[in-house]
Chemist: 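Sharing a structure with you now.
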Protein chains: 2
Amino acid sequence: MVESGTSASPDMGHPGGDRPRLDRQRILEAGAVFIEEHGVRQLSMRRLGAELDVEAMSLYRYVPSREDLLDGIVESVVDELYSDPEVYVEPRYGWQDYLLRLAHGLRRLAVKHPQVFPLIATRPAEAPWVRPPLRSLRWVESFLRAMTQAGFSNEQAVEAYRAFSSFLIGNLLLEVAALGADIGPVEDPDPSPSRQADLTDYPLLQELQDLLSEDRSKQEFDAALDVLLDRLDGQLG
Amino acid sequence: MVESGTSASPDMGHPGGDRPRLDRQRILEAGAVFIEEHGVRQLSMRRLGAELDVEAMSLYRYVPSREDLLDGIVESVVDELYSDPEVYVEPRYGWQDYLLRLAHGLRRLAVKHPQVFPLIATRPAEAPWVRPPLRSLRWVESFLRAMTQAGFSNEQAVEAYRAFSSFLIGNLLLEVAALGADIGPVEDPDPSPSRQADLTDYPLLQELQDLLSEDRSKQEFDAALDVLLDRLDGQLG
DNA sequence: ACCTGAACACCGTTCAAGT
DNA sequence: ACCTGAACACCGTTCAAGT
């Protein structure tokens with residue numbers, strides 16, 4: 001939050017290798033960018049250091065370990081949700097509007113960070129009942145408050161929270177996986193038709209391949225979200 | 001499939017360090033066991049070699065790389081589904097019975113291999129439309145055949161395939177994550193109440209903590225599966 | 001106060017060499 | 001035919017040392 005850049009200090013105008021001093025947030029953001037570009041597997045302390053014009057060892061001033069670095073990156077990416085103007089922490093137009101906005105905000109996050117999202121989905125959370133992708137106590141509290149204030153019982157609110165997170169993980173993880181990069185090596189552009197899956201034994205797959213390859217993520221997501229909201233609405237009865 | 005043990009060869013009776021000769025399947029199974037015991041992070045070629053009483057380098061005769069090893073482990077675990085007597089590759093009592101059995105078989109797999117399941121969910125598949133956890137062409141073909149034979153249109157069958165896989169990933173990934181181990185370090189039994197999440201700022205979380213900590217996975221799973229089947233049934237008209 | 005060099009214990013992987 | 005030793009290039013992490 002502290003503006004530190006505009007002071008009258010006599011610094012040169014970044015002629016190429018002038019690094020703006022290390023800090024934790026800068027490291028986490030660089031990490032997120034690196035993962036999006038090269039995949040998690042490629043992220044090493046040494047390479048991330050190089051990216052920041054610094055020796056790997058310097059990172060340890062701000063990040064206790066590589067594992068903690070990954071957790072920090074996940075947290076930092078998920079926190080982008082707070083600056084999404086379309087998503088409200090406090091419901092404004094009812095619980096359905098709240099859930100729709102939250103779901104779409106998380107989908108935007110996933111699509112923006114397809115390589116980081118699998119980490120969001122699979123890294124251990126701070127409590128077992130903190131279910132990704134709502135990885136912060138504050139969002140869970142916000143969710144439960146929205147629902148109970150709307151008239152859901154405590155039990156129903158918790159059940160809705162579980163159904164909502166399962167819905168998001170299932171849909172978004174498979175959507176980003178299909179985005180081609182998947183989680184994974186990222187290597188091997190391999191334009192050879194070498195492993196073009198032999199479908200001779202699978203006539204139906206062969207017939208439906210075009211249909212299967214269509215990208216219907218957005219429609220599926222909205223449809224499944226609709227079904228979920230309807231189901232929850234029915235419980236309000 | 002070949003019985004090789006009972007021959008009259010003069011081998012001693014495994015006095016402790018007698019290894020039954022290396023082969024790919026044995027390596028994959030040992031890998032799955034190792035991951036379940038220590039987590040993926042801990043799995044190195046050298047340690048897996050040691051587990052098999054062999055130098056790491058020997059593994060490369062059967063497995064091209066560590067990445068391929070992980071893929072092989074995933075495939076080998078998923079293939080256990082074929083020997084689940086409750087799951088039918090060919091539907092016998094209608095599509096709903098088929099889907100129920102398939103879903104429950106995959107859930108048993110996930111619960112049996114909580115540490116491997118996240119890999120099943122996130123490893124890149126052989127084609128973008130092969131959606132985990134149904135990671136094999138044969139199962140996708142089986143699924144689509146079951147649905148089209150039951151009267152679903154091609155489009156509806158593909159849509160059902162997508163909805164079914166999203167449902168499974170979302171529910172099962174979150175269920176195994178809650179199983180405590182999560183994917184993750186596995187280390188640190190850390191019985192200190194050090195990071196017992198400070199809930200003072202989150203009154204609702206505090207109030208609902210018991211409710212949130214209850215394990216309702218089985219019920220949720222069955223309920224969500226029911227909703228899904230109902231929805232599909234509605235499309236049959 | 002912040003960064004680095006050198007060092008340690010470990011990796012994945014290759015390959016020539018052993019039996 | 002199957003396994004290994006030695007070697008290479010890379011890791012994560014620690015710590016005493018530099019500025």
Chemist: Any sub-3.5 Å donor-acceptor pair from B/Arg101's side-chain atoms to B/Glu86's backbone N or O?
Modeler: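 Yes; judged by distance alone, with no hydrogens or angles, the pair exists.
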Chemist: Should A/Ser136 and A/Val78 count as side-chain neighbours, where that means a heavy-atom distance under 4.5 Å?
Modeler: no
Chemist: D/dT13 P sits how many Å from A/Asp68 CG, rounded?
Modeler: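 Nearest whole value for this atom pair: 10 Å.
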Chemist: Please list all pairs passing the ring-ring contact (aromatic ring centres under 6.0 Å, His included) test where one or both residues lie in residues 64-88 of chain A, with sequence neighbours left out.
Modeler: A/Tyr82-A/Trp139
Chemist: Let me have DNA chain C in dot-bracket notation, would you? Count Watson-Crick plus G-U wobble pairs, both distances under 3.5 Å, and use [ ] for pairs crossing earlier ones and | for inter-strand partners.
Modeler: ||.|||||...|||||.||
Chemist: To the nearest angstrom, how far is A/Leu59 atom CG from C/dA1 atom P?
Modeler: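 The answer, rounded to whole Å, is 20 Å.
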Chemist: Between A/Asp68 and A/Arg24, is there a salt bridge with N-O shorter than 4.0 Å?
Modeler: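 Salt bridge present between A/Arg24 and A/Asp68.
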Chemist: For C/dC2, does OP1 or OP2 lie under 4.0 Å from any side-chain N or O of A/Ser58?
Modeler: no
Chemist: Could you please spell out the steps behind the side-chain contact (heavy atoms from CB on, under 4.5 Å) verdict for A/Asp215 and B/Trp129?
Modeler: CA-CA 9 Å; A/Asp215 182 8; B/Trp129 43 266; over 6 Å; no
Chemist: Please report the distance, rounded to the nearest Å, between CD in A/Glu55 and P in C/dA7.
Modeler: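 Whole-Å distance recorded here is 15 Å.
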Chemist: Run the numbers on A/Lys112 and A/Glu36 for salt bridge (Lys or Arg N to Asp or Glu O under 4.0 Å), then give the verdict.
Modeler: CA-CA 9 Å; A/Lys112 183 175 170 200; A/Glu36 227 44 74; over 6 Å; no
Chemist: When the distance from CG of B/Asp53 to C1' of D/dC2 is rounded to whole Å, what number comes out?
Modeler: 16 Å
Chemist: Rounded to whole angstrom units, what separation is found between the CG atom of B/Leu48 and the C1' atom of C/dT13?
Modeler: 15 Å
Chemist: Taking for each residue the nucleotide of DNA chain D bearing the nearest heavy atom, is the 5' side occupied by B/Tyr62 or by A/Ala56?
Modeler: B/Tyr62
Chemist: At a cut-off of 3.5 Å, list every protein nitrogen or oxygen paired with a nitrogen or oxygen from nucleotides 14-19 of chain D, distance to 0.1 Å.
Modeler:
none

Chemist: Go through the structure and list residues passing side chain to side chain donor-acceptor pair (under 3.5 Å) with B/Arg108, not counting sequence neighbours.
Modeler: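 Counting only residues at least two positions away or on another chain, B/Arg108 forms a side chain to side chain donor-acceptor pair (under 3.5 Å) with B/Asp84.
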Chemist: Restricting to side chain to side chain donor-acceptor pair (under 3.5 Å), what partner residues turn up for B/Glu29, sequence neighbours left out?
Modeler: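 Only B/Gln25 meet the side chain to side chain donor-acceptor pair (under 3.5 Å) criterion with B/Glu29.
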Chemist: Test your reading of the model: is there a side-chain donor-acceptor pair from B/Glu141 to the backbone of A/Leu204, 3.5 Å cut-off?
Modeler: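 Yes, B/Glu141 side chain to A/Leu204 backbone: donor-acceptor pair under 3.5 Å.
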Chemist: When you check the gap from the basic side-chain N to the acidic O, do A/Arg162 and B/Glu175 get nearer than 4.0 Å?
Modeler: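 No, A/Arg162 and B/Glu175 are not salt-bridged.
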Chemist: Please determine if B/Arg47 forms a cation-pi arrangement with B/Phe34, meaning its NZ or CZ atom is less than 6.0 Å from the six-membered ring centre and no more than 45° off the ring axis.
Modeler: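 Geometry flag: not set, cation outside 6.0 Å or 45°.
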Chemist: Could you state the atom-to-atom distance from CG of A/Leu52 to P of C/dC2 in whole Å?
Modeler: 16 Å
Chemist: Taking only nitrogen or oxygen atoms into account, show me every contact under 3.5 Å that the protein makes with nucleotides 8-11 of chain C, one pair per line with its distance.
Modeler:
unit_1: C/dC11; atom_1: OP1; unit_2: B/Arg47; atom_2: NE; d: 3.4
unit_1: C/dC11; atom_1: OP1; unit_2: B/Arg47; atom_2: NH1; d: 3.0
unit_1: C/dC11; atom_1: OP1; unit_2: B/Arg47; atom_2: NH2; d: 3.2

